[in-house]
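Everything below concerns the one structure shown next.
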Amino acid sequence: MAVNFSYWELKTWFTNIDFCIVGSGIVGLHAALQLRKRFPNSKILVLEKGTLPQGASTKNAGFACFGSLSEIIDDLQHHSEQQVIDLIKKRWAGLQLLRTNLGDQSIDFRPYGGYELFLQNDDETLANCISKLPAINELLQPVFEQDVFSFQKSAACFNKIKENTIFNHFEAQIDTGSMMQALLKLAVSNNILLLNHQTVTDFYEFENRVEVALGEHSFSVGKLLFATNGFAGKLTNDEVKPARAQVLITDPIPNLIIKGTYHLDKGFYYFRNIDNRILLGGARNLDFDGEMTTEFGHTENIQNNLERMLKEVILPRQDFKIAHRWSGIMGMGAQKNPIVKQLSEHVYCGVRLGGMGVAIGSIIGKELADLV
Ligand SMILES: Cc1cc2nc3c(=O)[nH]c(=O)nc-3n(C[C@H](O)[C@H](O)[C@H](O)COP(=O)(O)OP(=O)(O)OC[C@H]3O[C@@H](n4cnc5c(N)ncnc54)[C@H](O)[C@@H]3O)c2cc1C
């Protein structure tokens, strides 16, 4: 049944909207902030279907990263050298923008560095990384002006891991919840209207406006911007595919020595320390098809695998308990580049952030707003 809004509700939240943004994740909120900068007197409304941003921005692992060595090597097989450099440059610039906009304290930015670990039986990936490391450092010189990757010995606490690991001193970690809370506060303080539990079900474009439907209720806006990432399949003719990512976190572990962000088994697994716990995600490669879904949830197969990795490889000599499990929905596609484009006269989108939205979300939000 349609909500019976009051005169005041209609006048304040649903009338004279210059810009309506769908999705209150990293991209949607950055787009709103950039619109506020460009149009100080405009009325900006963000609509979000979840209680909180309900896609990836409050679910992720908080890696402030721009690609492990094996990932960059793999990307070079499917993208041109220039495309790979441009994407890394954008991720790096996005991280700086996020830090500038919100402040390192607000996002609990910790520059502990990042590591790539290799499973004992994976000679091929390690050999490939060893042979290509100098060339990749060379390739990234114009962006970082110094070597990014170096070899280190793996920490003794791990098991079934090769002695050689690759260290990236530019990588860091953030507190995802604090980051999103800071972003939401900044949006509110910039006079951006935010409404939760509002699912945009359709839209109809007219000469000078767009009619936005929230079920049976609809209202007019000047411009409509979609920042719906993994949920943008229909909008983009399936150029964006949903990709669910499952995560777990342990109870606090006494004397935990693991500190930093870790990529394991070509990035199929990723883990980090947080509040004396280990947060571990991944194993999507066990069931790519099954995980191509916009439904939240976990599966026995993937969760058992994550636990096995914890027991056998990451925390082999330590008792631990799993405290909590969750999942998030990413937006993937054949190309790693996000889709930022004008869809029609008054409708735009900034979607397909892949597994790197913490890094590029701020810039993609800005680019989306600058299309208007
Ligand atoms: C488990 C996990 C771990 C990750 N780890 C990392 C990491 O360590 N580092 C990193 O850089 N990236 C990571 N990512 C990726 C990163 O979180 C995303 O790329 C980023 O959050 C995408 O931001 P977004 O704003 O585009 O999308 P989202 O945060 O998904 O926001 C889109 C929003 O649109 C809303 N929405 C969708 N449809 C509608 C509708 N019809 N009406 C109203 N609202 C709608 C959704 O509810 C959602 O809140 C991870 C992702 C996951 C799931």
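Note that the numbering runs from 1 along the sequence shown for the chain. Remember, it's 1-based here, ligands and their atoms both numbered in the order they're listed.
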request  = List the steps and the verdict of side chain to side chain contact (heavy atoms under 4.5 Å, CB included) for Glu71 and Asp74.
outcome  = CA-CA 5 Å; Glu71 185 188 347; Asp74 187 61; 5.6 Å; no
ask   = Hey, mind stepping through Gln83 and Asn337 against side-chain hydrogen bond (donor to acceptor under 3.5 Å, both in side chains) and telling me if it holds?
value = CA-CA 9 Å; Gln83 281 174 324; Asn337 269 334; over 6 Å; no
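Considering both main-chain and side-chain atoms, Leu52 never comes within under 3.5 Å of ligand 1 through any nitrogen or oxygen pair.
Between Glu307 and Arg325 there is a salt bridge, since at least one side-chain N of the basic residue sits less than 4.0 Å from a carboxylate O of the acidic one.
Summary of contacts: the protein heavy atom closest to atom 27 (O) of ligand 1 is Asn229 CB, 3.2 Å. The protein heavy atom nearest to atom 2 (C) of ligand 1 is Asn60 CA, 3.6 Å. Of the protein's non-hydrogen atoms, the one nearest atom 20 (C) of ligand 1 is Gly357 CA, 3.7 Å.
At a heavy-atom distance under 4.0 Å, atoms from both the backbone and the side chain of Lys49 approach ligand 1. Both the backbone and the side chain of Phe63 come within 4.0 Å of ligand 1, judged by heavy-atom distances.
Distances below 4.0 Å separate heavy atoms of Gly328 from the following atoms of ligand 1: 53 (C).
Using a 4.0 Å cutoff on heavy atoms, Gly361 does not count as a contact of ligand 1.
Both the sub-6.0 Å distance and the 45° axial angle are not jointly satisfied by Arg110 relative to the ring of Tyr112.
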